[in-house]
Amino acid sequence: VSRNTVSLTEALTVVLTSDIAGSIELPESVTIPVGSASFSLPVDVTDNDLVDGDRTVVISATGAGHGVGAASLQINDEDVPTLTLSIDRAAVSEPDGVAVATVSHNLLDTVPSHTVTLASNSARLLSVMPVVIASGQRSVTFDLTAADNDIVDGTASVTITGTAQSFDPVTAMIDVLDDDAPTLSLTITPGTIAEAGGIATATVTRNVGDTGQALTVSLFSNDRSEATVDDSIDIPIGETSVTFPVTAVSDGVADGLQSLTVSVTAAGFVSASVPLNVTDDDSISPESLTLPDGGGSYEIFATGDDLVV
């Protein structure tokens, strides 16, 4: 900043302005000291990370008793269209933990809307629909929700990827924390079997993601006079489930429909139990029946295992 006065006996305060706010960093004013005709200062260009094109900035200088001085500065934009993706936390937990993510672009807010397609590399997060950064906006937020898969699979690091036309893909990571405990589940089909040769198929399942070891499961029937199971069975390596038979017992007793419970247990796992019904195939067969003397008609009915006249 220079002054063209002959007398330099007084300092001169010069006010500085630019015609494009935020493009450069300038002090509000500088002082040309006594005895000096000029004052030098750096002009720093603001890196705004926006794709706003090359532009010319006019810097004006005004001082008391002096005309306005002006100079222009050409600024070349070095920014390229870029997406950014951020997540408000490092981890979410099953079953329904939610994180808020933000996807942004660095274009001017006068550009048209942009659709951003979102995807994750793991089913540990619920799928996310595409989002739209509207015209006049540079960002949009969306939810990331942990999926409850009921599987013991530990913590997973999940990568979220955002893609949009004219932009390079952008990624961000989040951990999904597991809330599941090792648990057995049991199903039996059908739920009712006949006493005479009836067999149901039971399926025991473990909820672990790592099936690198076989699992020995103990089997129980709480009424072996009605239905039996083996003492134990192994879920093989690489498998999450195995089937086993539940066999009805013909007990020779007319005891009607009977209910029992089949249970499964394994070390380190929550056990499971399922009810099973066994229908009766026996009838009351008295060894003898004595009728009163004198003839006539009689009513005969059953009471438990006995016939009553």
Side-chain angles (χ1 to χ4, degrees), residues 1 15-30 40-62 69-93 96-147 155-177:
V1 180
V15 177
L16 302 174
T17 58
S18 68
D19 65 339
I20 302 180
S23 293
I24 57 176
E25 296 180 10
L26 281 176
E28 293 183 358
S29 65
V30 296
S40 297
L41 72 156
V43 177
D44 295 324
V45 176
T46 303
D47 188 2
N48 59 12
D49 295 323
L50 292 176
V51 180
D52 48 5
D54 298 340
R55 55 205 182 277
T56 299
V57 179
V58 176
I59 303 172
S60 300
T62 57
S72 62
L73 175 66
Q74 177 70 26
I75 299 176
N76 297 322
D77 189 16
E78 64 178 4
D79 297 303
V80 296
T82 304
L83 286 178
T84 58
L85 179 60
S86 62
I87 304 174
D88 70 343
R89 63 200 64 194
V92 291
S93 179
D96 53 8
V98 177
V100 178
T102 303
V103 61
S104 310
H105 64 56
N106 65 339
L107 305 182
L108 294 177
D109 54 16
T110 55
V111 300
S113 62
H114 284 76
T115 298
V116 182
T117 301
L118 301 162
S120 75
N121 65 344
S122 172
R124 297 289 297 276
L125 286 177
L126 297 181
S127 59
V128 182
M129 300 299 292
V131 296
V132 176
I133 303 177
S135 178
Q137 304 293 324
R138 294 198 184 108
S139 65
V140 65
T141 61
F142 57 94
D143 289 344
L144 296 173
T145 304
T155 298
S157 293
V158 180
T159 299
I160 310 300
T161 302
T163 57
Q165 186 175 2
S166 302
F167 293 89
D168 288 336
V170 62
T171 61
M173 296 187 67
I174 187 170
D175 288 341
V176 179
L177 309 180

S.K.: Partners of Thr56 by side-chain hydrogen bond (donor to acceptor under 3.5 Å, both in side chains), sequence neighbours excluded?
M.R.: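 Scan of Thr56 (side-chain hydrogen bond (donor to acceptor under 3.5 Å, both in side chains), adjacent residues dropped) gives Gln74.
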
S.K.: With distance as the sole criterion, is a donor-acceptor pair present between the side chains of Asp175 and Thr155 under 3.5 Å?
M.R.: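 Note: Asp175 and Thr155 side chains miss the donor-acceptor criterion.
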
S.K.: For the atom pair CG (Asp96) and CG (Leu126), what is the distance rounded to the nearest 0.5 Å?
M.R.: 9.5 Å

S.K.: Under 3.5 Å, sequence neighbours excluded: what are the donor-acceptor pairs made by side chains of residues 128-139?
M.R.:
{"from": "Ser135", "atom 1": "OG", "to": "Val111", "atom 2": "O", "distance (Å)": "3.0"}
{"from": "Arg138", "atom 1": "NE", "to": "Leu107", "atom 2": "O", "distance (Å)": "2.9"}

S.K.: Compare all side-chain heavy atoms of Thr171 with those of Ile160 and state whether any distance is below 4.5 angstrom.
M.R.: no

S.K.: Among residues two or more places apart or on two chains, list those pairs meeting salt bridge (charged side-chain N to carboxylate O under 4.0 Å, His left out) that have a residue in residues 117-129.
M.R.: Glu94-Arg124, Arg124-Asp153

S.K.: Using side-chain hydrogen bond (donor to acceptor under 3.5 Å, both in side chains) as the criterion, list what pairs up with Asp19, not counting sequence neighbours.
M.R.: none

S.K.: Please assess Thr102 against Val140 for the test side chain to side chain contact (heavy atoms under 4.5 Å, CB included), listing each intermediate value before the final yes or no.
M.R.: CA-CA 6 Å; Thr102 303; Val140 65; over 6 Å; no

S.K.: Would you list the pairs meeting ring-ring contact (aromatic ring centres under 6.0 Å, His included) in which at least one residue belongs to residues 97-125, sequence neighbours left out?
M.R.: His105-His114, His114-Phe167

S.K.: Under the rule for side-chain contact (heavy atoms from CB on, under 4.5 Å), what residues qualify as partners of Ala123, not counting sequence neighbours?
M.R.: none

S.K.: Once you round to the nearest 0.5 Å, how far does CG of Asp54 lie from CG of Asn76?
M.R.: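 Atom-to-atom, Asp54:CG and Asn76:CG are 4.5 Å apart.
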
S.K.: To the nearest 0.5 Å, what is the distance between CD1 (Ile59) and CG (Leu26)?
M.R.: 5.0 Å

S.K.: Which heavy atom of Val158 sits nearest a heavy atom of Ser120, and at what distance?
M.R.: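 Val158 and Ser120 have their closest heavy atoms at CG1-CB, 3.8 Å.
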
S.K.: Give the minimum heavy-atom separation between Leu16 and Pro27, together with the two atoms involved.
M.R.: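 Shortest heavy-atom separation between Leu16 and Pro27 comes out as CB-O, 3.7 Å.
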
S.K.: How many angstroms lie between atom OG of Ser18 and atom CD1 of Ile24, to the nearest 0.5 angstrom?
M.R.: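 So the gap between those two atoms works out to 4.5 Å.
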
S.K.: For residues 82-93, dump all side-chain donor-acceptor pairs below 3.5 Å to protein atoms at least two apart in sequence or in another chain.
M.R.:
{"from": "Thr82", "atom 1": "OG1", "to": "Val80", "atom 2": "O", "distance (Å)": "2.9"}
{"from": "Asp88", "atom 1": "OD1", "to": "Val100", "atom 2": "N", "distance (Å)": "3.0"}
{"from": "Arg89", "atom 1": "NH1", "to": "Val98", "atom 2": "O", "distance (Å)": "3.4"}

S.K.: Only distances under 3.5 Å count here; give the side-chain donor-acceptor pairs of residues 44-52 to other protein atoms, sequence neighbours excluded, each with its distance to 0.1 Å.
M.R.:
{"from": "Thr46", "atom 1": "OG1", "to": "Gly22", "atom 2": "O", "distance (Å)": "3.3"}
{"from": "Asp47", "atom 1": "OD1", "to": "Asp49", "atom 2": "N", "distance (Å)": "3.4"}
{"from": "Asn48", "atom 1": "OD1", "to": "Leu50", "atom 2": "N", "distance (Å)": "3.0"}
{"from": "Asn48", "atom 1": "ND2", "to": "Asp52", "atom 2": "OD2", "distance (Å)": "2.6"}
{"from": "Asp52", "atom 1": "OD1", "to": "Arg55", "atom 2": "NH1", "distance (Å)": "3.2"}

S.K.: Thr141: which residues meet the side-chain hydrogen bond (donor to acceptor under 3.5 Å, both in side chains) condition with it, sequence neighbours left out?
M.R.: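 If we apply the side-chain hydrogen bond (donor to acceptor under 3.5 Å, both in side chains) test to Thr141, skipping adjacent residues, there are no hits.
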
S.K.: Can you name the side-chain contact (heavy atoms from CB on, under 4.5 Å) partners of Ala70, sequence neighbours left out?
M.R.: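 Partners of Ala70 by the side-chain contact (heavy atoms from CB on, under 4.5 Å) criterion, ordered by chain and then number, come out as Val58, Ser60.
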
S.K.: Show me the pairs that pass salt bridge (charged side-chain N to carboxylate O under 4.0 Å, His left out) and involve residues 74-85, at least two apart or across chains.
M.R.: none

S.K.: Going by salt bridge (charged side-chain N to carboxylate O under 4.0 Å, His left out), name the pairs with one or both residues in residues 160-171, residues two or more places apart or in two chains.
M.R.: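 Every pair satisfying salt bridge (charged side-chain N to carboxylate O under 4.0 Å, His left out) with a residue in residues 160-171: there are none.
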
S.K.: Let me see the working for Thr161 and Leu118 under side chain to side chain contact (heavy atoms under 4.5 Å, CB included), right down to the final yes or no.
M.R.: CA-CA 6 Å; Thr161 302; Leu118 301 162; over 6 Å; no

S.K.: Does Thr163 form a side chain to side chain contact (heavy atoms under 4.5 Å, CB included) with Val170? I'd like the steps, not just the answer.
M.R.: CA-CA 7 Å; Thr163 57; Val170 62; over 6 Å; no

